[in-house]
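Quick notes on the structure that follows.
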Amino acid sequence: GSAAHATALETIVRDAVRTTPVWDLHTHLYPVAFGTPNAGAGAPTDPKGLLLWGVDELLTYHYLVAEVFRVVPSRVLPYQDFWRMSKEAQADHIWRHLFLERSPISEACRGVLTTLQALGLDPDERDLGRYRRWFAAQNPDDHIDRVMELGGVNRITMTNAVFDDNERLRWLENPNVGADSRFEGVLRFDPLVRDWPAAAAKLTRWGYAASETLDDASIANARRFLNDWIDRVKAIYCAVSLPPSFRYDSPDDGSYSSRVLADIVLPVLAERDLPFAMMIGSQLQVNPALGDAGDMVGPADVFSVTRLANDFPQNRFLCTMLARENQHALAVAARKFGNLLVFGCWWFLNNPSLVEEITRMRVELLGLSFVPQHSDARVLEQLIYKWRHSRELIADVLVDKYNDAAAAGWRATESEVRRDVALLFEKNFASFVEAPAT
Amino acid sequence: GSAAHATALETIVRDAVRTTPVWDLHTHLYPVAFGTPNAGAGAPTDPKGLLLWGVDELLTYHYLVAEVFRVVPSRVLPYQDFWRMSKEAQADHIWRHLFLERSPISEACRGVLTTLQALGLDPDERDLGRYRRWFAAQNPDDHIDRVMELGGVNRITMTNAVFDDNERLRWLENPNVGADSRFEGVLRFDPLVRDWPAAAAKLTRWGYAASETLDDASIANARRFLNDWIDRVKAIYCAVSLPPSFRYDSPDDGSYSSRVLADIVLPVLAERDLPFAMMIGSQLQVNPALGDAGDMVGPADVFSVTRLANDFPQNRFLCTMLARENQHALAVAARKFGNLLVFGCWWFLNNPSLVEEITRMRVELLGLSFVPQHSDARVLEQLIYKWRHSRELIADVLVDKYNDAAAAGWRATESEVRRDVALLFEKNFASFVEAPAT
Amino acid sequence: GSAAHATALETIVRDAVRTTPVWDLHTHLYPVAFGTPNAGAGAPTDPKGLLLWGVDELLTYHYLVAEVFRVVPSRVLPYQDFWRMSKEAQADHIWRHLFLERSPISEACRGVLTTLQALGLDPDERDLGRYRRWFAAQNPDDHIDRVMELGGVNRITMTNAVFDDNERLRWLENPNVGADSRFEGVLRFDPLVRDWPAAAAKLTRWGYAASETLDDASIANARRFLNDWIDRVKAIYCAVSLPPSFRYDSPDDGSYSSRVLADIVLPVLAERDLPFAMMIGSQLQVNPALGDAGDMVGPADVFSVTRLANDFPQNRFLCTMLARENQHALAVAARKFGNLLVFGCWWFLNNPSLVEEITRMRVELLGLSFVPQHSDARVLEQLIYKWRHSRELIADVLVDKYNDAAAAGWRATESEVRRDVALLFEKNFASFVEAPAT
Ligand SMILES: [Mg+2]
Ligand SMILES: [Zn+2]
Ligand SMILES: [Zn+2]
Ligand SMILES: [Zn+2]
């Protein structure tokens, strides 16, 4: 009967979602070769290392720093006092106030619980010392495998910020630093688009002479800079984060950002046949005292994205926006442009009620032609909770949608469901980054 | 007991919603007299005919054209190649890519399934040839009856675009072209409000001399034009679609649109005692290559609507907006003005998750004093799915609301529920269009 | 097993939410000493008295006035005719049209049902006469106790509008008018921030000489005015309602409101160690004929709030916004500032679907560090329904969140759940208003 069919279908969908590996298209994770401040069992300690992992990193994630300053505000514990504490002392503080003195039911707190549990630890022991001992015994490189397995992730995409000195020098010192088959490179260059004069000064210092005026030589050198670094990080796409105020009207609307896009970034990417990712809507440092936790959300202009997609049909655009109020229009924008791939539920949107509403809306408007989620993980083990929580919500939506189709007489087979989930989790993105030149 | 009561109440509500006929207040459907490109069994073929029906029209609906260009983008199949294909080849292309190569779970795809199933075809046969043969055997005029029966629609409201040559000439050639008791006329004249200079030039050509300056003679002639056409199409209301940028500050805010509204449109409608419908928020042609599928959504200004409702108390306004982000304020606006009737979940909002949230919000804010849905059908058989899907969601909301009232001790009787549903589906609109002069 | 655990947990959570008393942080309710137009059994009648209660006040609440003008619009019953009717006749009109001629399923109508039922009356009798007789037999002062008991409210916060003559004179005539241990005072002074020139004229008349120019003497006198009135009403915080257009860029952005905040309001509140509450987003009188029911919602600027929280770290801010589209960003703003406490679902947001989505989003983003609701009650018995309805929705959210934590291995005990609910319902606010000086 129909109820039995619905149960069977639900089992198929949930299983497909649980077992289909994901290509995580945006993280801030790195292979061990980039160093790690947390030696564990097997790596040398590198205080400025880029691979963050372990329970103290999980607990001092900037999402939780923001939350603890709500319950122990700066008038009680001044910001500078917190920042002067050791990472372990910060973690103790957060554990005490966000887990023990009130229940850890925010999404960021819940994420820590899910992660510990998946790793075989018992969150209900509430014993930070025990967790620390367990992590200290891990070899970071093996641990990456284990975390990817538990998160159901088969490929991790890095964010390789070329304007970050710490990261840039590692690439220059060791051309093979990124050579880990589990990781893919992405060239990220926010200053180029957000602040051309400052970027030009740096390019000049780095041997790519560029002037504020964006003359032909500057353009040629900046293109060479991009090409060199695309090669160096073996970038599968390039990316920037843009503020809510970002506007693109036309290549000659008079703004630096439009000229940089039209004359430097997009021509290089068209030639290299690589997508350009835009993450739009983060207002930097509304509370500078909070550091990484001090950025805010603001509404962006979706029409700027549709104009870019229209004006540069030879380019492919990945796009996510941070404001909830942009999500409907952004999904509609994707209906208008085959060269625009919408992805993920970013940062302040990566909460169950919002992931669910956004995913549902996208399936209704776009069918299977989008990428439902990315992890944005900064701490390795976050892969586990971000994907477990997201999978649950994506499955909820898909179960409803396959049931609706079945009620209308269309019965998807198991292999069709698996094919569809693979599109969402891997193949849509894979074909977008690997697509042949236009 | 209370559970038994809740079950009984749910049965009553669902039955009332399923069986109460709707007056569909906005469609793009026409009687057979307007011609049809699809002869079927019984009508002459008219390639430019306005009545669209049949499985190939369903599959090439612009919602699905937009979706197929996401999965076979223009870099693979150029727009112009698609547009050059026959309608049948376009339908084959869409069927293959959106139904067979991935599951048809977007709302527009699901709509095709629901429609086929309701007509007695088996979507799971996945056999386009068989469906085509069935449609080819239908007589269009009888088919209209059958579709209305299956959709639970007892009256269809047309959109009679007087600035569309194809349609205008049909009215001029045959004064009785609209004489079908199943259909009501609506005069639609977007250019008049959106682009007065262009409209004035056309009015002049049509014998209603009008100049850019909007002088007294222009106003008088434009009013005469409206009156003549209201008579010709026997319009039950007049309508325009407006861009997100539409603003009304005051009759003399300096814009053409405000003057046209204040001096031409609203006085005529007040005199004729007809409502004025505004559909606000569609940004035309962000991707011109997609044709009808190339329009976008943008946020509109709800205060412009409240100012109109306040400044013209002798007029009645129907209003729907396209942006999700306008829905809450628009429902609140309706709380402020008895001469403002909010209706429908338009286009990109006509998706289950959005219909559900909007309908729920409207019931909570407005009780039963709104019109929950219109079909916007462009292809006859879409009436079936648009109303079946909407009825399910409207029933979900109402079941909750009657249960809440019952939990608070107020038990609606079956006849009260039927009375209420009739308000939502027919009577609110009927009394709004038929209301006596102020 | 896990299902049994979930059931037990749900029981614990629902019981904690049902039985934990709330401190209602924003109402328009008053002790009997402020007079009441409804004598009942035991109070003298005061036609301009501020304590509103009884079934006729419940039915003529401005939410229901707005709704009845949708179904009996002003073209049928002119506004002035309605306003000339006696309160009882207005109530009869609303009862007939919103309860009897269509089912009372809007949230405002449902609220009346819940209230009557909780008071032991039977809404299904539908007999207004009987309800009136019951209310007429109540002694208002005892009735306050009963209503607070039924609403689960243990402290009511007033709104003491010092620019309202009726209220101001009552404080001047009787310094003990506010001396009722169930009520707390809040100084409200919208004109000071919204219209300094008008406020300055009034201050001058009241003995606090102030000029348009905001010179030093004006500032000193305005501060003295605030201090005097904070003392007089024993204010636990101060408050203003601000329009959607409110902007704060910096203390010297050139606007009166920024200067008044920076030079008068915030220094006084910092010195007195009292929070400042901003309710932002109400657009006054889009339909003046509707009176109190004629205000609208508009989107506000969340960045103005983050700038205030950043520029005045020695101040504490309470904030709620009226537009649904501001809720996500406002919750994110609270993540950035420990001196910003987000509260409630205001007015047009106080509807089940919106309370649920806002509360869920806030828990996900802020954990337990916010105040989920306030009643905004203007009629005493509204406390009952506003808190009953809200408690149900808050419990729904919390049940899900504790279950999610439990699924991740963290099992909250009953005393932990009660501790958490007390934070939401009372202690977050209590510690925010009682916090020691910075
Ligand atoms: Mg929702
Ligand atoms: Zn990121
Ligand atoms: Zn339409
Ligand atoms: Zn209030």
Side-chain angles (χ1 to χ4, degrees), chain A residues 63 66-77 98-118 121-126 244 283 286-290 293-299 322-325 347-354 357 385 388-389, chain C residues 299 301-303 306-307 309-310 313-314 316 324-329 331-341 356-370 397-398 400-402 404-413 416-417 419-420 423 428 431-432 435-438:
Chain A
Y63 288 31
E67 290 178 29
V68 82
F69 270 108
R70 290 200 56 64
V71 300
V72 186
S74 62
R75 67 183 174 268
V76 175
L77 177 68
L98 295 183
F99 289 74
L100 302 181
E101 300 208 346
R102 46 188 57 67
S103 296
I105 60 173
S106 76
E107 176 63 7
C109 287
R110 177 190 168 215
V112 175
L113 309 180
T114 298
T115 303
L116 293 175
Q117 188 189 47
L121 300 165
D122 178 1
D124 220 27
E125 283 182 359
R126 309 187 181 191
Q283 179 78 15
V286 298
N287 184 357
L290 274 181
D295 300 348
M296 189 43 203
V297 60
L322 191 51
R324 180 190 185 201
E325 291 68 31
W347 199 344
F348 309 121
L349 296 174
N350 195 0
N351 288 298
S353 66
L354 297 168
E357 80 166 21
Y385 96 77
R388 290 205 174 187
H389 293 189
Chain C
D301 178 48
V302 182
F303 289 126
T306 58
R307 281 190 288 262
N310 190 63
Q314 70 281 29
R316 298 193 300 287
R324 182 190 183 200
E325 291 69 30
N326 284 138
Q327 299 309 314
H328 183 238
V332 173
R335 290 180 61 84
K336 307 297 145 186
F337 293 98
N339 62 339
L340 173 61
L341 183 60
E356 202 274 353
E357 82 167 20
I358 293 168
T359 305
R360 198 169 287 275
M361 191 161 67
R362 287 176 176 170
V363 171
E364 292 168 359
L365 283 163
L366 301 171
L368 293 155
S369 69
F370 66 101
V397 173
L398 291 180
D400 286 350
K401 295 307 174 189
Y402 285 106
D404 284 347
W410 185 282
R411 291 165 196 265
T413 64
E416 287 171 344
V417 170
R419 172 203 62 191
D420 296 343
L423 286 171
N428 286 338
S431 53
F432 204 74
T438 60

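A, B, ... follow the sequence lines: proteins, then strands. Residue 1 opens every chain.
Contacts of C:A407 with chain A are made by backbone atoms alone, with heavy-atom separations under 4.5 Å and no side-chain atom involved. Heavy-atom distances place the backbone of A:F69, and not its side chain, under 4.5 Å from chain C. In this structure, no portion of A:Y385 lies under 4.5 Å from any heavy atom of chain C. Heavy atoms of A:L98 lying under 4.5 Å from chain C are absent altogether. Interface residue A:L100: backbone and side-chain heavy atoms are both found under 4.5 Å from chain C. Heavy atoms closer than 4.5 Å to chain C are found in the backbone of A:E101, but not in its side chain. Only the side chain of C:V302 comes within contact range of chain A, with heavy atoms under 4.5 Å apart. The contact between C:L398 and chain A is made entirely by side chain atoms (from C-beta outward), counting heavy-atom distances below 4.5 Å. Both the backbone and the side chain of A:I105 come within less than 4.5 Å of a heavy atom in chain C. With a 4.5 angstrom heavy-atom cutoff, A:V71 touches chain C only via side-chain atoms.
Contact record, C:K336 with A:F348: NZ-CZ, 3.7 Å, taken as the closest heavy-atom pair. The heavy-atom pair separating A:E325 from C:R324 by the smallest distance is OE2-O, 4.4 Å.
Of the possible polar contacts, none joining the C:K401 side chain to the A:S106 backbone as a donor-acceptor pair under 3.5 Å is found. Of the possible polar contacts, none joining the C:R411 side chain to the A:D124 backbone as a donor-acceptor pair under 3.5 Å is found.
In terms of non-hydrogen atom pairs under 4.5 Å with chain C, the most contact-rich of A:R102, A:R70, A:E67 is A:R70. Most heavy-atom pairs under 4.5 Å with chain C: of the set A:L322, A:V76, A:T115, A:L349, this distinction falls to A:L349. Ranked by heavy-atom pairs under 4.5 Å with chain C, the first of A:P352, A:A293, A:P299 is A:P352. Between chain A and the residues C:A334, C:A405, C:G367, the most heavy-atom pairs under 4.5 angstrom are made by C:A334. Among the candidates A:V286, A:T114, A:L354, the residue making the largest number of heavy-atom pairs closer than 4.5 Å to chain C is A:V286.
To the nearest 0.5 Å, atoms CE (C:M361) and CG (A:N351) are separated by 9.5 Å. A distance of 11.5 Å separates CZ of C:R335 from CG of A:D295, quoted to the nearest 0.5 Å. C:L365 CG to A:Y63 OH: the interatomic distance, rounded to the nearest 0.5 Å, is 10.0 Å. In this structure, A:R75 CZ and C:Q314 CD are separated by 12.0 Å, a value rounded to the nearest 0.5 Å.
Under the 4.5 Å side-chain criterion, counting only non-hydrogen atoms from C-beta, C:N310 is in contact with A:P288.
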Stepwise side-chain contact (heavy atoms from CB on, under 4.5 Å) test for C:W410 and A:R110 = CA-CA 9 Å; C:W410 185 282; A:R110 177 190 168 215; over 6 Å; no
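Annotation: side-chain contact (heavy atoms from CB on, under 4.5 Å) contacts of C:E416 (sequence neighbours excluded): A:S103, A:R126, C:A412, C:T413, C:R419.
Between the side chains of C:R360 and A:S353, no donor-acceptor pair of N or O atoms lies under 3.5 Å.
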